Amino acid sequence: MKYDPSSIESKWQERWAADDVYRATQGEGGDKYYCLEMLPYPSGKLHMGHVRNYSIGDVVARFRRMRGFNVMHPMGFDSFGMPAENAAIEHHTHPAIWTRQNIEVMRNQLQDMGFAYDWNRQIASHMPEYYRWNQWLFLRFLERDLAYRKEALLNWCPSCETVLANEQVEEGLCWRCGSVVEERRMSQWFFRITAYIDELLDGLDGLDGWPERVRTMQRNWIGRSHGARVTFGVDDSDEGLEIFTTRIDTIFGATFMVLAPEHPLARRWYEQGPGADAGLDAEEFADTIDKLEKMNRRQRPGEEGEKAGIFTGHYAVNPFSGERLPIWIANFVLMDYGTGAIMAVPAHDERDFEFARGCALPIRPVIGPSEGDAPAWINDPGAMEEAVPLYGVLLPANGDYAGMTSEDAQQRMIEDARAGGFGDAAVDYKIKDWGVSRQRYWGTPIPIIYCPDCGVVPVPDADLPVTLPEEVELTGEGGSPLGHVESFVNVDCPTCGGAARRETDTMDTFVDSSWYYLRYLSPHDEEHPFDRSAADYWLSVDIYIGGITHAVLHLLYFRFFCKAMADLGLLSVREPVTRLLTQGMVLMGGTAMSKSKGNVVDPDEMVSRYGVDATRIFVLFAAPPERDFEWDEGGIIGCRRFLNRMFTLIARSRAALEGVAPSGDEGELPEALVELRRKAHDTTRRVTDEVEQRLHFNTAVAALMELLNECDAAVAAVPVADAGTSAWLYRDVFERLVALLSPFAPHLAEELWEMLGHREYVADQLWPTYDAGVLERETISLAVQVDGKVRGSIEVSVDLDDNDALVAEALKEANVAKHIDGRTIVRTVVVPGKIVSLITQ
RNA sequence: GCCCAAGUGGCGGAAUUGGCAGACGCGCUAGGUUCAGGACCUAGUGGGCUUCGGCCCGUGGAGGUUCGAGUCCUCUCUUGGGCACCA
């Protein structure tokens, strides 16, 4: 009899499906456990990354089931998005057809992998039953002022013909197609993620089940800095010039001011011409500002833009010192951070220093080190080769603040600015509100109507969903495709009944994935986005498994939605996920597999060659889950061998074990079987800990392999048929082994479980437990060191913890004695259970 | 430039609290078996030396702490990742 994966796999998949084994029912059984994996985009076929992601999730889900938890383990499809639309343009099909076909293929593949999903809960975000709730949530956000419309400079991808969120621009390039992103001024819808920004940031500290790496990336992305806003006077204007700084303590060192080219004051002078001191005519001046504005934009990867600027001929007045400072316009100041204007302190800021050097502007140090000798640059700024951005003590040039530490000065200056009415403490963030409008077809229509009389009118809840029209021409050009569908655009105003027009943009698909884990809980609910009692029962998600690529995009939106929905009274939790596992990539030739590189391994091919179980085991065994690993076909062969040997072991023993109970007299076991018993219990302990606590599936599989090796060795020493009254131990060990194997290789485990004479599913069995008593030994092997080097080992009773006795025992060891010979022991270190260390001389 | 990971045999990796480095798997070597199927079994497999008892070296590199360091500390190199005119 031979292990034949394909027949075993289809046999058990059919039975599981027929008996609906993996259905999740609220309130049933033990404590709930929500195991969630990032849902796939239906791009065509599963790739190895999916197989790895979902194999990890499946082990966790199956393990928890056997531990007695009531497990929620759903799957769905993130089925709105640009690839469907691009494919439609290319192949002249409809995105809906392309998407439906892909979902069917991928769902079959997922089922063929034997993943224990409750398929009754499947969702697909392109279905109106799903996306109507995106629209419903949009309207709730609108009511709470969490959704709003504004004109803004936006990231525009010329190739995708759509706006991108800041999170979707990587080094100035479109995250999806790699085109250089341009800027456009457009009216767009935004979600006010900044309303939750402090909670999103501070909440990271409490997320100890999340990788530090992800938390750091989110912190960086949010980019909170504490500082102050200070208003400088402008000498020929009543209005002030407000700047943001994190270093108000260096304000006496400001030697000039810089505006972003888009700054309102810069715009005004652009129109009116420069001040007299600029030494330029109006045309020259305006031309230069135009150039600066173009240069200002995002640089190519790695390029550090050359700093350039122009003097406006206008001056600002430092409210602390009364000093007059020239105002410049330069390309290195960004309009969308702070106030779009800075005070430049070249002595203590790298960027200001570089600019000051280039334009021959003065450099004035105002902070010195708090300890040690005064550096030469304090009195000779001309000799500075770089800015010194230190925190220290304020030098004499700082008026009343001289002698204070930077920290004290910051506090005092903020107080004084507040008192003087020209400034206050301020916090600024790198993150901006989330722009959600997309000029594409294949997404959720934004439920808004523009009425010439009533203005912006939300679509009433009763009219939801606003469905995507099927008849549409997709050319990839000319803006929102919905704009050309007259039957869609023309609508009666819900308020006045007059002729009005629908919003033609669709929502960013990250909206879909921001709350999908809730829809799984009641996917067929027609009254609500999800059932509140189900949410209260199942949340939070106990483990969420997916790629690190979503560390700032999806995972930040996901957290934002949770908090916003909690405040809408929809949820009782404020953080969606307790534990996050970010799995690494499957590489080939050192890079991610991709169709364009032609280095793709097709999971189907691996499955047909080695079987589902071997494929699953390999992706788990190759490396710990967080780490990337290199695909190696040799590795999967090894896993197939392991399963072959499992099969052979049980197939050969089953006849001899028929009718044998899994328990019996422990006193009569031969030594080889006592060892095997200990190994089986120890393996139970290890696998449990690896899967439950450490999430290291590679070492769990290794432990199972070790146990199999020991089984083979034991059977060679004491054949099962000859074991007599000890045969029960074999049954106990084999059943343990099969049960422990089942989350990793569920099909083979079911088959072996059946071969051992069982009728029920091994998937429904309780996870084996271990007996700490069985793990105990009578004797233990201790290493003996002489002068720090291991010279032998001794076998002693576990109870022996007497120093002198252990040393005496160590000295009996021939090789130890040889190394001690002729020397004097000056010290002994004995750690019972660990080591005996002897030090001579 | 700043911040964070990681670096262990020919390869993937293990070592959970500072206590016998290299578990487990691949590959390789020898033998067996079957005989041409990427099959199976047994033994071996970090490097060097060996009188076959052992000995020396060894976790990117250099120092240090310790009876004892892959593990802790300092410096440094390399790779990967994140951030990068964020005032």
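Numbered from 1 within each chain, the chains take letters A, B, ... in sequence-line order. All of these numbers come straight from a predicted model, not from anything done at the bench.
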Basic-acidic side-chain contact under 4.0 Å: [X], [Y]:
{"X": "A:E813", "Y": "A:K818", "answer": "no"}
{"X": "A:R609", "Y": "A:E605", "answer": "yes"}
{"X": "A:R777", "Y": "A:E675", "answer": "yes"}
{"X": "A:R229", "Y": "A:D428", "answer": "yes"}
{"X": "A:D205", "Y": "A:R215", "answer": "no"}
{"X": "A:E626", "Y": "A:R213", "answer": "no"}
{"X": "A:K432", "Y": "A:D336", "answer": "no"}
{"X": "A:K2", "Y": "A:D4", "answer": "no"}

In whole angstrom, give me the gap between the [atom1] atoms of [N] and [M].
{"N": "B:G22", "M": "B:G46", "atom1": "P", "value": "9 Å"}
{"N": "B:U59", "M": "B:G64", "atom1": "P", "value": "15 Å"}
{"N": "B:G58", "M": "B:A5", "atom1": "P", "value": "28 Å"}
{"N": "B:U71", "M": "B:G7", "atom1": "P", "value": "11 Å"}
{"N": "B:C3", "M": "B:U8", "atom1": "C1'", "value": "26 Å"}
{"N": "B:U34", "M": "B:U42", "atom1": "C1'", "value": "15 Å"}
{"N": "B:C20", "M": "B:C40", "atom1": "C1'", "value": "34 Å"}
{"N": "B:C11", "M": "B:C28", "atom1": "C1'", "value": "11 Å"}

Taking every non-hydrogen atom, the tightest pair across A:V687 and A:A703: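 So the two residues come closest at CG2-CB, 4.1 Å.
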Which atom of A:V258 lies closest to which atom of A:A344, heavy atoms considered: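 For A:V258 and A:A344, the tightest heavy-atom pair comes out as CG2-CB, 4.3 Å.
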Candidate pair A:V586 and A:F629, rule side chain to side chain contact (heavy atoms under 4.5 Å, CB included), full reasoning: CA-CA 5 Å; A:V586 183; A:F629 78 85; 4.0 Å; yes
Which part of the nucleic acid, if any, lies within reach of [X] when heavy atoms closer than 4.0 Å are counted: base, sugar-phosphate only, or nothing?
{"X": "A:H819", "value": "sugar-phosphate"}
{"X": "A:R645", "value": "sugar-phosphate"}
{"X": "A:F621", "value": "base"}
{"X": "A:G338", "value": "nothing"}
{"X": "A:T245", "value": "sugar-phosphate"}
{"X": "A:D428", "value": "nothing"}
{"X": "A:R224", "value": "nothing"}

So does [X] get a side-chain nitrogen or oxygen closer than 4.0 Å to the phosphate oxygens (OP1/OP2) of [N]?
{"X": "A:K789", "N": "B:C57", "answer": "yes"}
{"X": "A:R641", "N": "B:C26", "answer": "yes"}
{"X": "A:N709", "N": "B:G25", "answer": "yes"}
{"X": "A:N815", "N": "B:C55", "answer": "yes"}
{"X": "A:T699", "N": "B:C24", "answer": "no"}
{"X": "A:N644", "N": "B:A39", "answer": "no"}

Contacts of type side chain to side chain donor-acceptor pair (under 3.5 Å), residue A:T684, not counting sequence neighbours: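 Only A:R736 meet the side chain to side chain donor-acceptor pair (under 3.5 Å) criterion with A:T684.
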Calculate the interatomic distance between [X] atom [atom1] and [N] atom [atom2]; express it in whole Å.
{"X": "A:L620", "N": "B:C24", "atom1": "CG", "atom2": "P", "result": "19 Å"}
{"X": "A:F744", "N": "B:G25", "atom1": "CZ", "atom2": "C1'", "result": "15 Å"}
{"X": "A:D349", "N": "B:A84", "atom1": "CG", "atom2": "C1'", "result": "14 Å"}
{"X": "A:M606", "N": "B:G38", "atom1": "CE", "atom2": "C1'", "result": "12 Å"}
{"X": "A:D632", "N": "B:G25", "atom1": "CG", "atom2": "P", "result": "15 Å"}
{"X": "A:E350", "N": "B:A84", "atom1": "CD", "atom2": "P", "result": "15 Å"}
{"X": "A:Y3", "N": "B:C40", "atom1": "OH", "atom2": "P", "result": "13 Å"}
{"X": "A:F618", "N": "B:C26", "atom1": "CZ", "atom2": "P", "result": "11 Å"}

Closest-nucleotide 5' rank along RNA chain B - winner of A:G638 and A:I839: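 Whichever sits nearer the 5' end wins; that is A:G638.
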Residue closer to the 5' end of RNA chain B, A:I637 versus A:I548 (nearest nucleotide):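 Going by which nucleotide is closer to the 5' end, it is A:I637.
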Identified salt bridge (charged side-chain N to carboxylate O under 4.0 Å, His left out) counterpart of A:D682 within the set A:R678, A:K679, A:R685: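 Among A:R678, A:K679, A:R685, the one meeting salt bridge (charged side-chain N to carboxylate O under 4.0 Å, His left out) with A:D682 is A:R685.
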B:G53, syn or anti by chi within 90 degrees of zero: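 Syn conformation for B:G53.
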B:G9: syn or anti, per glycosidic angle within 90° of 0: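 Here B:G9 takes the syn form, which means its glycosidic angle is within 90° of 0.
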Residue A:M705, side-chain heavy atoms: nucleotide from B:C24, B:G13, B:G27 that is nearest: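 Taking heavy atoms from C-beta onward, the closest nucleotide is B:C24.
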Nearest listed nucleotide, side chain of A:R791, among B:C85, B:G13, B:C55: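 Looking only at side-chain atoms, A:R791 lies closest to B:C55.
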Secondary-structure stems for RNA chain B, with pairs counted as Watson-Crick or G-U when both distances are under 3.5 Å and runs at least 3 long: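 Only these stems qualify: B:1-7 with B:77-83, B:10-12 with B:24-26, B:27-32 with B:40-45, B:46-49 with B:54-57, B:60-64 with B:72-76.
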Show me the protein contacts with nucleotides 16-20 of chain B, counting only N or O atoms at under 3.5 Å.
unit_1	atom_1	unit_2	atom_2	d
B:U16	O4	A:E690	OE2	3.3
B:G19	N2	A:Q785	OE1	3.3
B:C20	N4	A:S781	O	3.4
B:C20	N4	A:S781	OG	2.8

Base B:C85 paired with A:K307 side chain (donor-acceptor, <3.5 Å):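 Between B:C85 and A:K307, which were checked side chain against base, a qualifying N/O pair under 3.5 Å is present.
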